[in-house]
There are 2 protein chains.
Amino acid sequence: MATRDDVLAAAQRHLNVDARASMADLAGAAGISRATLHRHFATREDLLHELGTRSLDRWAASLVAADAPGAAASGDAVRIRACLDDLVARYLADSDDFGFALTDPYLLSAPDLVERSDALVEREVALYVAAQAAGVLRADLPPRWISHALYGLLVAARDALLGGDLPRRDLDALVLSTFLTGAQR
Amino acid sequence: MATRDDVLAAAQRHLNVDARASMADLAGAAGISRATLHRHFATREDLLHELGTRSLDRWAASLVAADAPGAAASGDAVRIRACLDDLVARYLADSDDFGFALTDPYLLSAPDLVERSDALVEREVALYVAAQAAGVLRADLPPRWISHALYGLLVAARDALLGGDLPRRDLDALVLSTFLTGAQR
DNA sequence: TGGGTATGAGACACAACTGTCTCACATGAG
DNA sequence: CTCATGTGAGACAGTTGTGTCTCATACCCA
């Protein structure tokens, strides 16, 4: 018998492949009937919202696991740099599971999710500000842009993976290296 | 009286704000009735497809305007570098108009558009390969990844602009600089 | 074995959107 | 003025997906 978590996981996986999947599609992906899916999640919005919340949970957890607040507060360049490396790898792992959430139109328009997302950006930006102060990141880039840029590279990585252009194992190094030093020789 | 092009332009503008707009929404945005919109475009797919085609036209035109094939063939580092600068600025201008097309689920799943898009990526990749050979871009990055990365930065720029985090005038420099040299100090 | 629980299949009403059609009206050209 | 053309308003049917409900059944546990 499929648990609520099993269903969420299946929906997640399927949405990463087909962002416009219907409830019938998601039920099929979970190997259950549509009726049973509705027993778990009354509405499609409920399901999406739950996935959105979990994706934000993961984002928040990654910030904590990489100790972004600690690194930012320390002001230590080496520590901040290690934190950035760690963060990129964690974000990539998160987007393996929640990649669809990066660009899902519903999630991007749900007010409470957007609000929480903004709050997380704020915490991430604090790290970038500290990184700039410590000389780890360029001080001439708006920290919010740095956040957007890393987000964009995650979208790029997701699409490269989906398009079969790159093996997963290369992504960590590519994203980090592109993020930090760009594409120029 | 609104021409077909006026209608397309209005739809484009509105889709950049609300990617899930209905035909009624788009008619309203164009200041015409839904019936008239259907006189211009029999189906929603027709409209989307036309916009998708035009966005690919613009992409192709930008590659030509920046003389990517010429620069690639020349093998001249200075010329290739200038071409890249030009290309980034043009892509950003294109995404002012066609930003929604970057992540629109329908456009990304329409087989003929995807096919044409792949062909354009191919031509873009040729430029990156030449840039790597000329020592302009890092040779250790897969050229396809470079293409994805720039695409990701365009998404980032669009979102930063939409979120009001950055003024339009700063985008060219930020995207180019981040693309080329990254965020690291 | 019997009873409670979860499920699948399917019917059903409903909502939103789509695409078509008609008709009345405005406007501009001749 | 008159006619042709384009338009808006609205009715209409069709489609798709949603959410609810019922009922038979399978399964697990006592």
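Sequence lines set the chain letters: A, B, ... in the order given, protein chains first and strands last, and positions in each chain run from 1.
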Could you check how far [atom1] of [X] sits from [atom2] of [N], rounded to whole Å?
| X | N | atom1 | atom2 | result |
| --- | --- | --- | --- | --- |
| B/H38 | D/dA13 | NE2 | C1' | 13 Å |
| B/R4 | D/dG6 | CZ | C1' | 16 Å |
| A/F41 | D/dT20 | CZ | P | 14 Å |
| A/R44 | D/dT18 | CZ | C1' | 10 Å |
| B/D6 | D/dG6 | CG | C1' | 14 Å |
| A/L47 | D/dT18 | CG | C1' | 13 Å |

Side chain to side chain donor-acceptor pair (under 3.5 Å) involving [X] - partner list, sequence neighbours excluded:
| X | value |
| --- | --- |
| B/S117 | none |
| B/D86 | B/R90 |
| B/D76 | none |
| B/D172 | B/R168 |

Return each pair, listed once, that meets salt bridge (Lys or Arg N to Asp or Glu O under 4.0 Å) where at least one residue sits in [range]; pairs must be two or more places apart or across chains.
| range | value |
| --- | --- |
| residues 106-122 of chain B | B/D57-B/R116, B/E122-B/R144 |
| residues 41-55 of chain A | A/R4-A/E50, A/D5-A/R54, A/E50-A/R54 |
| residues 10-29 of chain A | none |

* To do: Go through residues 9-30 of chain A and report each residue with a non-hydrogen atom lying under 4.0 Å from DNA chain C, sorted by number.
  =>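 Going residue by residue through residues 9-30 of chain A, none turns out to have a heavy atom under 4.0 Å of DNA chain C.
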Sidechain-backbone polar pair: [X] side chain, [Y] backbone, donor-acceptor under 3.5 Å:
| X | Y | result |
| --- | --- | --- |
| B/Q184 | A/L137 | no |
| B/T181 | B/T178 | no |
| B/Y151 | B/L102 | yes |
| B/S95 | B/L92 | yes |

* Structure fact -> Once base and sugar-phosphate atoms are separated, protein heavy atoms under 4.0 Å mark nucleotides 24-29 of chain D, 5' to 3', with B, S and - as ------
* **Net bend of the helix from C/dT1-D/dA30 to C/dG30-D/dC1, end axes of five pairs each, nearest 10 degrees** =>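 Between the axes fitted at each end of the helix from C/dT1-D/dA30 to C/dG30-D/dC1 lies an angle of 10°.
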* **Flag for B/Y91-B/E124: side-chain donor and acceptor within less than 3.5 Å** =>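 A donor-acceptor contact under 3.5 Å links the two side chains.
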Please write out the pairs of protein N or O atoms and N or O atoms of nucleotides 6-11 of chain C separated by less than 3.5 Å, giving the distance to one decimal.
unit_1 : atom_1 : unit_2 : atom_2 : d
C/dG8  : OP2    : A/S33  : N      : 2.9
C/dG8  : OP2    : A/S33  : OG     : 3.1
C/dG8  : OP2    : A/T36  : OG1    : 2.5
C/dG8  : O6     : A/R39  : NH2    : 3.1

* **salt bridge (Lys or Arg N to Asp or Glu O under 4.0 Å) involving B/D85 - partner list, sequence neighbours excluded** =>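 With neighbours one apart ignored, the set is B/R81.
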